[in-house]
Amino acid sequence: MMLLPCPWCGPRNATEFRFGGEAGRRPDPASASPEEWRRYLYFHTNPAGWSTETWYHGAGCRRFLTVERHTVTHEVRAARDTATGTTGEGIS
Amino acid sequence: MSILPTTRRTATPTSQRLGHRAGEVIDRSRTVSFTWNGRPLSGHPGDTIASALAAAGERVLSRSYKYHRPRGLLTADYLDPGAFFQVGDEPNVRGAHRLLEAGMAVSSQNTWPSLRFDLKAANGLAGRFLATGFYYKTFIKPEPLWPLYEKVLRTFVHAGAITPDPGAAYYDKRHAHPDVVVAGGGPAGMAAAVAAARAGASVMLVEEDHQLGGHLRWGDGAALARLRALRAQVAAQPGIEVLTDAVVTGRFDDNWIPIVARSLPGITERLVKARAAVLVVAPGLIERPYVFAGNDLPGVMLSTAARRLVNLYAVRPGSRAVVMSANPEGDAAVADLEAAGVEVAAVLDARRQQGVARAHGRGGLRAVETTDGRRIEADLLVTATGWTAPTSLLNQSGDRPVYDQAAARFVPDPDRMPANVLAAGGIVGDGTVDQLVEQADAVGREAARRATGGSAAGTVPGLRPAPHPELFAAGTGGFVDLCEDVSAKDITTAVAEGYDSVELAKRYTTVTMGPTQGKLETVNAVALVAHATGRSIAETGTTTWRPVYAPVTLGALAGRPREPVRYSPMQPWHERHGATPLVAGQWIRPEHYGDPAAEVTAVRTAVGIIDVTPIGKLDLRGPDVAELLNLLYVNKWSKLGVGRVRYGVMCADDGVVLDDGVTGRLGEDHYLMSTTSSGAATVWEWVENWLQTAHPEWQVHVTPVTTAYASINIAGPRSRDLLSRLTDPEDVDLSADAFGYMNVRTGTVAGVADCVLWRIGFTGELSYEIHVPASYGLHAWERLVAEGADLGVRPFGVEAQRILRLEKGHAIVAQDTDGLTQGFSAALDGLIKLDKDDFVGLPELRWQQGRDSHPRLVGLQPLDGTVVPPEASQILRTDGSIAGRVTSSRMSPTLGRAIGLAQIDPELAEVGTRVTVRLPDGRDVAAEVTGLVHVDPEGERQRV
Amino acid sequence: MSSPLARSPIPPGPATERDGWEVDARVPGGPLTLSDETPLAKVHVRAPFDGASRAALGVGFRRTRRADLGAGEVLVVGSGPGEWLVLGAPGTAGALRAAVEQRLAGTGEFTSVLDLTHGRALVRLHGAAAPAVLAGVCAIDLADAVTPDGSAFRTSVAGVVTDVVRDDLGGTQRSGAAASDNGGVRSYLLHCERSSGRYLADALLDAGRLSGLAMTGFRGLA
């Protein structure tokens, strides 16, 4: 089972997290065309390589994290708190 | 063709136990009694079941999987394919590994009518019918015959009998976090463990066998001296946890390493889930069988098996032996056999092109035919023809072993191993014990450095594999896989039929798919495929060695089986009062207390109380809560006054209905949101998601308080009377003017301060929902029951609640909607405010309304009111096509007729439309589309 | 109307009354025990994770501290980023909440203080073998180097999201954010949503079956 380096809790089993998919931007609901909106809802690049993803640490700090993960090797090169930008330095 | 007994031997087997051996592991001072196919036998503590049987002179221990051929010991260890036994209730016991215990009832598996005379052995004679790919070719068509095929197949399956009663078995699990896991407790494993621990690492040393030591255990005096010294070092070194009779079953991402450990006091098996910084793979080498005609006869065994039997268990493996040796270990076996009093009739030196061509016998070895045409009478044939590196754990770490032709084995490729996996000892290469220990010592130190130091990886000394002749098959037939009864000819045939890659041949013939999982047979199978295709072994490559390394019991995986369950504070009362439990997610809730229809009637005519504690509750505080609610709900929230309650529905950004509930404003910046019971966790995460990822600038604190409160709904025309008996009018004025519909307030109920009182309801009756601080929930419930006795108060369960809400036409999210139901298909037309600037799901709902082609949620009543169409019954058009489905249906005690809700296409959604409902039994019934609300459509009853 | 008695979700053995709570009457003791500490006052604080409120509470995420915030001795737990749980003696929840609110009032930060005494179940797993029992249901490394005395973390315990606080008892050093083993007896406070409390206690007792884990009476913070 892979570990995810939570910026708040340290490395934790992936089962503590919920995968939120590729991080994407929500278009402006006032002006988005159906095509733009559905691209946001349903279209993902699904790369075999580096991917920027959202993970929710539901069994830990309960924070939403932005994680850069290599989908082939599972290597994680960056993980930060999506809201605060915290990367784990000097927390406690 | 006649059925012949497979052996003519009738004499009682005689004891084959030798005198004392220097390395023996048995305790001769004690005797252990057991039964073998009902016959009393005995052995000594330290014996395996198989060694005790061998000592008693038993040579035929089992029947093979497909052809029911007699089989004896091949490896005399964990892997032995000839020694799977039924022991009491436990099937598939590895008899050459499991230690003998007093009173064991051991039987050979699936032999009928007896081990020595097996009728199914006729299949051996009928072998030509069990052709390559037999299962695929024979049991395919016609499909209606599958039940028969299953019976036939089961008759042939060699798998023992299980009991549904787990008895006293206790399967445990635990987590562990060693710096270093060493897989394998031979000389290299022990040396690596000691070196790592000396360097400050915490070490878990895992050995498959019952003692540490590996091949040193059956070696000569010098080896035994070395064994004692290494064991003493392990014992004296702090920081090493030794697990014997334990198997590392795999290596997963980030060194997640499951280990199954047995022989622990009070525990049947324990699954250790280790997360190691570094894994050291030190399994040694596995001796490879040689493939020739008759190679599965009892009496044909590996050199390591013969040496284990002689030196560990003091058992004479035969009386007259032929030894085929290609290496020093085979030569040592000759010496061991001679020392044990076995007559060695011939030594065939494979390094000088001597070898075995065929073995002859029935039910046991009688004679060996050599490649130079000699025929030698013998009851024991020992082969030492090469080694296989068990690289599973390395493969699972990303390594891809390469074939070293000079050494006749696959060896790890150190360049492909990740930094947190190292290999030590014989799996890497060959050497003297000193050289193995020296290399492993360096590996152990490096493992500790990587685990605790964190600096850049250093270099690890290698070991060169020694030259060894390539010996796989004599070319005379014989079995490649003794677990699966796959012959050399099966492999050749598979290649001829086009299955010319080793992965395809494996799946087609099932070679390597038995209990030994390829450890004995993979390389021989690869060599045979290579030979048949004219490619080299390196070109042919090997099959993938996946987890698990060794078979794992379901008990070890299940562990202590436990699923989280949640209880309301009133659960003890429900249990005492005959509630039928309903499992709803993790919650245990009362479905009813015996008569749900009477519970409904009590609510409509008097008063009922229901435990609704699982309803999700989120405490929301901060100046931006109204903004949050406006974003998440489809309706408007900016003008909700303090003390007021509003119903809201949430959709996702695809417009699909997510959840619903009421939210009340308790203070200027303080709201309490309720969710559905099943949606409580989802909505909490949903709210956090929008706050953390879309609007981190908003000041809102969300705290789940679902079970901080016991929630009780009090419903019915007498609910005000009942609640007034538990409240003080000075504190809580329940009059309609002071506390109207859709209002919320706090107060004291039944002497409990800080309760939240809501005037809301889903039953359509006058009703109150009270949230009582949970520690007092049972108290409040008992007071309601006691104070309401003369009012006819009755507890009601989830079933009555479902009927009551259906009578009122309230949709349940995920019951009357599904994962495709957008807002306008959930009868939310009046609620959805498309004129808001934004809310989650807004664009999709705007487009849904514009298309106007969506299914509608409607009421439905069968014309025959006695028929309740089951939920999910289909609604048909006149041409028979499907126009919708019944989403909810019940018999209404209030109306005395069947009622329902349905999702239906728009052209049939008009009130008064006649539709056809197809019942699951195929009957069609007529029904009429109605408004959603079946009882009191004007809503008069709750506004009193 | 007599004042109602508060009850824990974990059924007590022999019961007695204490500070308005029904508690297990047994005298706490034994080499390896589980005790129901649900009656302790539990005040939940939300504030920015790294600001003046943190300074006022004296401890950050992942650490604990014994202190007196104005309502008797309490254990302040940094239970999440910007989240604290303050544990106090039974019956002090109201006073404790007021004291914490007062302490945070001057920070000027956006803060919330909730009394969650009735919303959470709390047990203490105590004894030298406590880590071995906990390792049966919890994937976190319980070694001193990773989770020393005074550390706090949230994780899955037996499938339930649980706040775990290492709070060794009887050690030489009893306060402050000490980073090493204080020589006391291993002790863990485990804290989850109230409705899961009975299950969590049962799961721990089962995991400790072979270690001789037994229920004992209410201990309190001392």
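Scope of the values below: all heavy atoms of this structure, side chains included, with no hydrogens, waters or symmetry mates. Below, read A as the first sequence line, B as the second, and so on, with proteins coming before strands; counting in each chain starts at 1. Every value quoted in this text rests on a predicted model; they were computed, and no experiment measured them.
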Could you tell me which portion of [X] (side chain, backbone, both or neither) has an atom closer than 4.5 angstrom to a non-hydrogen atom of chain C?
X: D619(B); result: side chain
X: V700(B); result: backbone
X: Y709(B); result: neither

Straight-line distance of [X] [atom1] to [Y] [atom2], nearest 0.5 Å:
X: Q699(B); Y: S112(C); atom1: CD; atom2: OG; value: 9.5 Å
X: F110(C); Y: D624(B); atom1: CZ; atom2: CG; value: 7.5 Å
X: H779(B); Y: E22(C); atom1: NE2; atom2: CD; value: 13.0 Å
X: S195(C); Y: Q586(B); atom1: OG; atom2: CD; value: 8.0 Å
X: R7(C); Y: L778(B); atom1: CZ; atom2: CG; value: 4.5 Å
X: R198(C); Y: R566(B); atom1: CZ; atom2: CZ; value: 14.0 Å

At a heavy-atom separation under 4.5 Å, does [X] approach chain B through its side chain, its backbone, both, or neither?
X: A145(C); value: neither
X: A121(C); value: neither
X: L5(C); value: backbone
X: S196(C); value: both
X: T38(C); value: neither

Check: Does a side-chain heavy-atom distance below 4.5 Å link T703(B) with R46(C)?
Finding: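 Result yes, sub-4.5 Å side-chain heavy-atom pair found.
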Notebook entry, point to check: Can you check whether R560(B) reaches R209(C) side chain to side chain, under 4.5 Å on heavy atoms?
Noted result: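 No - every pair of side-chain heavy atoms lies 4.5 Å or more apart.
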Notebook entry, point to check: Is there a donor-acceptor contact under 3.5 Å from the side chain of R621(B) to the main chain of L114(C)?
Noted result: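 Here the side-chain-to-backbone pair does not exist.
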Notebook entry, point to check: Taking H175(B) for the side chain and L134(C) for the main chain, is one N or O donor matched with an acceptor at less than 3.5 Å?
Noted result: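 Checked: no pair found.
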Notebook entry, point to check: Are H118(C) and Y776(B) close enough that their ring centres sit under 6.0 Å apart?
Noted result: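 Yes; Y776(B) has its ring centre under 6.0 Å from that of H118(C).
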Checklist line | Flag for R194(C)-S775(B): side-chain donor and acceptor within less than 3.5 Å | finding: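 Yes.
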Margin query: For D754(B) and D115(C): C-alpha separation, side-chain torsions, deciding distance, then whether side-chain contact (heavy atoms from CB on, under 4.5 Å) applies.
Written below: CA-CA 11 Å; D754(B) 300 324; D115(C) 174 10; 5.9 Å; no
